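Below, each value reflects all heavy atoms present in this structure, side chains not excepted, and no hydrogens, waters or symmetry copies. Quantities reported herein were computed from a predicted structural model and do not represent experimental measurements. Letters A, B, ... mirror the listed sequences (proteins, then strands); counts begin at 1.
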Amino acid sequence: ACGSDDDGGDSGSSGGDGGGSLSMTMLPKNLGNPYFDTSTAGAKEAADDLGAELEEVGPETASPDAQVSYINTVAQQGKDALILSANDPEALCDAIDEARSADVKVVTFDADTNPECRDLFVNQATAEGIASKQLELISEQIGGEGEIAILSAAANATNQNAWIDMMEKELADNPDYADIELVDTVYGDDDDQKSFDQTEALLQNHPDLKGIISPTTVGIAAAARYLSDSSSKGKVALTGLGTPNQMREYVENGTVESFALWNPSDLGALATYAAAALANGDISGEEGDSFEAGDLGEFTVDADGVVLLGEPFTFNADNIGDFDF
Amino acid sequence: MSASNAAAPVLELRDVSKSFGPVVALRSGSLRVEAGSIHALVGENGAGKSTLVKVVAGVHRRDSGTFELGGEAVDFSSTAESKKSGVAVIYQEPTLFPDLSVTENIFMGRQILARGRRIDRPAMYAEAERLFDRLGVRIDPRRPAEGLSIADQQIIEIAKAISLDARLLVMDEPTAALSGVEVDRLFAVARSLRDEGRALVFISHRFDEVFDLADTVTVMRDGSYIDTLTIADTTPSELVSLMVGREVDELFPKVAAEIGEPVLQVRGLNRAGVFHDIDLEVRAGEIVGLAGLVGAGRSEVARAVFGVDAYDSGSVSVSGKPVKGNDPRSAIRAGMAFIPEDRRKQGLVVDSSVTRNVAGVIRRRIAKAGLLTTSMENRAAGPWAGRLEVKTSALDMNAATMSGGNQQKVVIAKWLATDPKLLIIDEPTRGIDVGTKAEVHRLLSELAGQGLAILMISSELPEVLGMADRVVVLCEGRVTAELDRADATPEAVMHAATHHLEDVR
Amino acid sequence: MSTRTYADYSAPLWKRWLLTREMAVIALTVAVFVYATINVDNFDGPLTVKFLLQDIAPILLIALPMTLIIITGEIDLSVASIMGLSSVLLGVFHDSGMSIPTAAVLALLAGLACGALNGFLIAYVGLPSLAVTIGTLALFRGIAVGLLGTTAITDFTDKWSDLATNTIGESRIPLVMIPFAVLTVVFVVLLHFSTFGRGIYEIGLNDEAAHFTGVNVARTKLVLFVLSGVVSAFAGIYFTLRYGSARGDNATGYELQVIAAVLLGGVSIFGGRGRLHGVLAGVVLIGVISSALRLESVTVNVTNIIVGLLLVASVILPSVLAWTSSRLPRKAATPPESRPTPSAASAGV
Amino acid sequence: MSNTDIERPRPEAEVSAGEALLVEPSRLSPTRRALTTVLRSRELSIFLVLVAVVVLATTKNNGFIFSNDGWRNFLLNPSILLLLAVGQAVVIITRNVDLSVGSVMALTAYLTGRLFIEMPDIPIVVVLAACLLVGAVLGLVNGVLVAYGGVPALVITLGTLYIYRGIMLTWAGSDRINAGDLPREFLQLGTRSVLGIPLLTIMALVVLAIVGYYLYTARGGRELYAIGSDPDAAVLYGLPVRRRLLAAFVLSGALAGLAGALYTARYGTVSSSVGLGIELQAVAAAVIGGVAIFGGSGTVWGAAIGAFLLVTINRALPSLGIEDFWQRAVVGALILGAIVLDRVLARRQARKLAESRDHS
Ligand SMILES: Nc1ncnc2c1ncn2[C@@H]1O[C@H](COP(=O)(O)OP(=O)(O)OP(=O)(O)O)[C@@H](O)[C@H]1O
Ligand SMILES: Nc1ncnc2c1ncn2[C@@H]1O[C@H](COP(=O)(O)OP(=O)(O)OP(=O)(O)O)[C@@H](O)[C@H]1O
Ligand SMILES: [Mg+2]
Ligand SMILES: [Mg+2]
């Protein structure tokens, strides 16, 4: 690991409150979401590594207006950096602008805002990568033909929508998937009970459904729980993006064969390193800038200020025991 | 009915007092009731009878004085305790639960239980029917109490009380709404209860009933005990002078006024279930008394005339100009003023200041472009409060803290401030002490003398007879007599007020 | 006729103004503000006032008509749903090619219609406002969510969004405070200096007596619910432009925040009591507390607990005080002078 | 209206549907009377609406009810709301309201998870009892403040709505409960069926039956109605008003507490949004089921059917080809329809009463 860069602390920042060290705020979509709990844990480790101060705040429910207040607070506090997963690509921009004019560096992770609004976006995986991974998994599980449906987060969740678009496009274009029909897309709003009920509704309204893709950790866990004790268990395949701890039970009992995800902890850590690099003035967020991210290695900024973490990883019964997050 | 000291009276109250804030409702009440007797309690409105009853019932806690039941000192803090000690009370105002059935109302809290502490509805229905048979009435024990007439509500209260099997039964004006036949049945029941050795307290304004039923009578005046007499040794006129404490004539300073043009004309006013074919006329300078039993529909007629209630058909006009129905504002514009019977609920906003109350109706007139300030209201209200000599230290005092008489003055001030042509006044002196009563009467006479037309509703016959130039009698929502001052004897009015009932039953 | 004269007031001016519930709330608000300025880092920063006012603006706006409604003894739980509906309508109309002003006028009209529906059912059909507005809370929100699903419309031009976020000139006061100030003046005059306002208090204290003195109870209530609908729609439009996002679930739960602030400001839920300056202080108090706690990185849960406790305390305290003061004079009361007559002997039969 | 209805014909025999309103004793036989009462009841009409919704949805989609999962979900999904609606109905009958039930439910849902995490071997019954108890205590707090503070329940429970949820969220911090934290037998509680009826539904129905029976046949139950019907008269009458109010709030709290535990069993996870806004649904279920918001009338049976209707409509809308986004609008319309209908019927009854007085 590279040592903490103490004396770079106040360069380029309006000087936070702590004397010298960087102070950053982590603002996930909402609190109490296991996915973000994991990413925050990663971010905290990275912050410790950097000798920076990192604080997590956030709303109870994933809505953009609740996030705005927290972004405003960061502006008031004059923090060095804000690391944020956006609940809406547009709605936060005014507040972010205000924070940036108070010299706060803004890094989005997991879910982006419009590229003009923020300094950097740390992308977990390319949208194409995520979309095709999930299609690959579901196709494998249902034997390449039949009806499938998508259980997403909120209908205006940026990243989910991007993935769904990609999936639709690929389903139409890729001859391998010619026999797969996407019959419905429903939204569980990253709310547990709603996702659960939506799963039920999907099964009820599409008796011939063969598979469900849920590209959100809350959704896949709720759907798995519904399936695991319904008569559709084993008949309807389920895949998507989930965390191993939440999904372990369902993989072990056979409800779910495999699912994908990157390591949210790494994602949080990378976002933190990127934010620190920006705040310290090591990089400006231009395409081609590169920075060290501790154990994760060196990363380069791509077009539109995007930093890519890597390809998603597939979890299944053989490997799930090796992970704990 | 524990076997306590046999010589001790069932109920003994000595020097009991009770105040509500500044209002002294009961100054020094005393009452001694023996087992196996019916004890009448008489006194004017506001004499404190109901307050005394409520102390016995545990509704109010006395401020001082002694209170013994069967020789033992008691101090009830809830009605549940008094019930447990064998006291049953029929309150002046019915206290029924409108959503529940008649039977449930009778047995609430002490329902007949079957096995497993389960309420035994059939047994309760049977018992209720037995009670109604004893009272000689037919009421469906299963129907809800909602929508029962006042008389039927009162009968249920009576059934409730006698079913309690109490050693002391207090009845606060139980007969006010009952017809002759119903009263007779009630009295028969009361006598049989007395003969079983129970004690009864009976409050009534009707002397014929007091002399018919009671053995002993206690007179109260102004919150204080005056005297206790055996019925055999007294006469109605003695009771009246004890009650009033002065000559009755003095109470009604009627001055002759010149009677002018008709001001109020009511033609064929109808409202299903309430009143029918009401024709009324009140002339300038005239006081018309509207008499009848409680529940006869007098207040309803007045309310409909003034427009706070709707009517189905008929017409109301003031000085020849028709007044829109169900719209108090157009009645006010036409020159009507209405002093309702329930001061605290309808006449006043008791939690508001004297100013706000007095300026309540005229505020649209004193406002400039719809805007007004408290000082504008004070300027307008002050003189009116002064003319009626409202006893208060400042105009921003809440009306809630005032005595009933003063509250009534505030209401009168509020309406006189509108400079009306017609004043409708419902129970002008209810709950007002004797001194103020005379003041109110003098004021009404004076106003009539100045050419105001007055329609006065009163349950006190002497008041009606003493004040009115003409008496219109209502019975079951119909006009049954119209008597000139000369013809209006108590007998004539009471006959007209009840004959309809007796014809039907 | 001898005419008495009276003092206008029973207590001197300062007592009538300072020893009030409203002043207590204002004092508490000032105290919390001063405390936060001294002790909370960055609370004294240049952005605080702006953000604070922007955050509480919708609540301030809706609290105005809500105060009047609660003073009449009614309640309007549907305000946040009307905000959501007007937000969605603004978005949908704008999306279909209308200019923002046209869409905003239509959204305001929709708010008016919503308020009129509430008012009609409550004032003229005579239904309890609690039940009616629980129903319309679901209905209006349901229409909003139904129209837009969970998608959002976000393509509002900056020109209009800036109106909602910019400040007045160089000051730190957001532009939205101008319409708010105008509305405040209107509502203060309406409630405290007009015949209509006197009627509002009378209805709350005793609607029967108000009816008897010629106050048009039904029409007054209808007007208030209509005002509430229009102001809520206005708040919804502001909310939409501020966050640049028209969503069906915008402002969910705001009704309880508004009501909490109004009650905290000294308005009695039974009606008849309360003043606008207390209410505005109540809104600011909650805003200052949340803002200060957010700066201290205290979670919103703690803020909610504090608001809840304040609310409970604000209704319980007067009862407790009344109870204790009613106990005191009881002991001090002197027995009334005893009358001569009563004796057991004369009562003997 | 035919004369065959009459057992003891009388000269002026004019028996109408308004018979029950007459002052004099009814002339109908007890069975007929019971039948008219049922036929005219709000519970029946709302039940018929429920049947209509189910039939419609089933004709469009057989699986709505005629499939293993369809049948199970039909019974299972409303159970939690049913518990809350029963408690809420009891409180509303006393002319109060309990807005804190959603927060109480969230608190005990989290408590359930915590208990299993701290003490993995704890018996399920103990957890259920603990949740009932905690709910009862929270309800008691509401009850004490309302009954002894003499302040409106709306304000108090609005305050405790914030406080209880705040406590839950502060306590939970950022941990949430996952299915993996809970024992399998407990999760099965949420899904197991006995004789084709889910266990959760059986529990809810048992509670419903007990409360319904109590309200109808116990003195205490009837006193709750009396208190709601006229609180002042209840005091004058000497009913133990405060004690009964406490009991009503404790019951509502305890049932919300139980609902929290069952929520965890059913959904397996506890997030911060458990029970958010469900208080208004519980009030809505009661109101739709015919419990008057001003107290004194209505039954828990009605509230239970109301809860079933609300949840079932939600499930049926997609089958009927309506996006489920419109569900809340339908619920709102239902509530308004229910209270307007009540008012229309009450007015008609009042008119009949007035007329019957003229003829008597
Ligand atoms: N709760 C109360 N608060 C204030 N004053 C009261 C209250 N109850 C009674 N009073 C006042 O106490 C006085 C005595 O009232 P009470 O009802 O005992 O008279 P009453 O003899 O029963 O009269 P009536 O014959 O009209 O029934 C009245 O002046 C009344 O206004
Ligand atoms: N709660 C009620 N429900 C239905 N009808 C009622 C009710 N109370 C009164 N009535 C009816 O309204 C009519 C008028 O009653 P009300 O008591 O107002 O008459 P009143 O002559 O003014 O008596 P009071 O001397 O008490 O003022 C009566 O026919 C009565 O039966
Ligand atoms: Mg009396
Ligand atoms: Mg009357």
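When ring centroids are compared, B/F97 and D/Y237 come within the 6.0 Å threshold.
Salt-bridge formation is detected for the pair B/R62/B/D75: a Lys NZ or Arg NE/NH1/NH2 atom is positioned less than 4.0 Å from an Asp or Glu carboxylate oxygen. Using a 4.0 Å cut-off between charged nitrogen and carboxylate oxygen, B/R130 and B/E127 count as a salt-bridge pair. Salt bridge B/R271/B/E300: absent, no basic N to carboxylate O contact under 4.0 Å.
Cation-pi check for B/R121 over D/Y216 is met; the charged atom lies under 6.0 angstrom from the ring centroid and within 45 degrees of its normal. A cation-pi arrangement, defined by a distance under 6.0 Å to the six-membered ring centre and an angle within 45 degrees of its axis, is absent between B/R61 and B/F76.
With a 4.5 Å cut-off on non-hydrogen atoms, B/N105 touches chain D through its backbone but not through its side chain. Heavy atoms of D/Y214 lying under 4.5 Å from chain B are absent altogether. The contact between B/E104 and chain D is made entirely by side chain atoms (from C-beta outward), counting heavy-atom distances below 4.5 Å. Of the two parts of B/Y91, only the side chain, counted from C-beta on, holds a non-hydrogen atom closer than 4.5 Å to a non-hydrogen atom of chain D. Using a 4.5 Å cut-off between heavy atoms, D/A234 contacts chain B through both its backbone and its side chain. In this structure, the portion of B/K160 lying under 4.5 Å from any heavy atom of chain D is its side chain and not its backbone.
The most heavy-atom pairs under 4.5 Å with chain D, out of B/P98, B/S78, B/G58, B/S82, come from B/P98. Each of B/V89, B/L96, B/T79 has some count of heavy-atom pairs under 4.5 Å with chain D, and the biggest count is that of B/T79. Between chain B and the options D/P240, D/A218, D/G221, D/S297, heavy-atom pairs under 4.5 Å are most frequent for D/A218. If you tally non-hydrogen atom pairs under 4.5 Å between each of B/L100, B/D99, B/T95 and chain D, the highest count goes to B/D99. When the candidates B/L113, B/D120, B/V59, B/V102 are compared by the number of heavy-atom contacts under 4.5 Å with chain D, B/L113 comes out ahead.
B/S85 and B/E81 form no side-chain donor-acceptor contact under 3.5 Å, judged by distance and modelled atom types alone. Side-chain atoms of B/N326 and B/D309 form no donor-acceptor pair, as typed in the model, at a separation below 3.5 Å.
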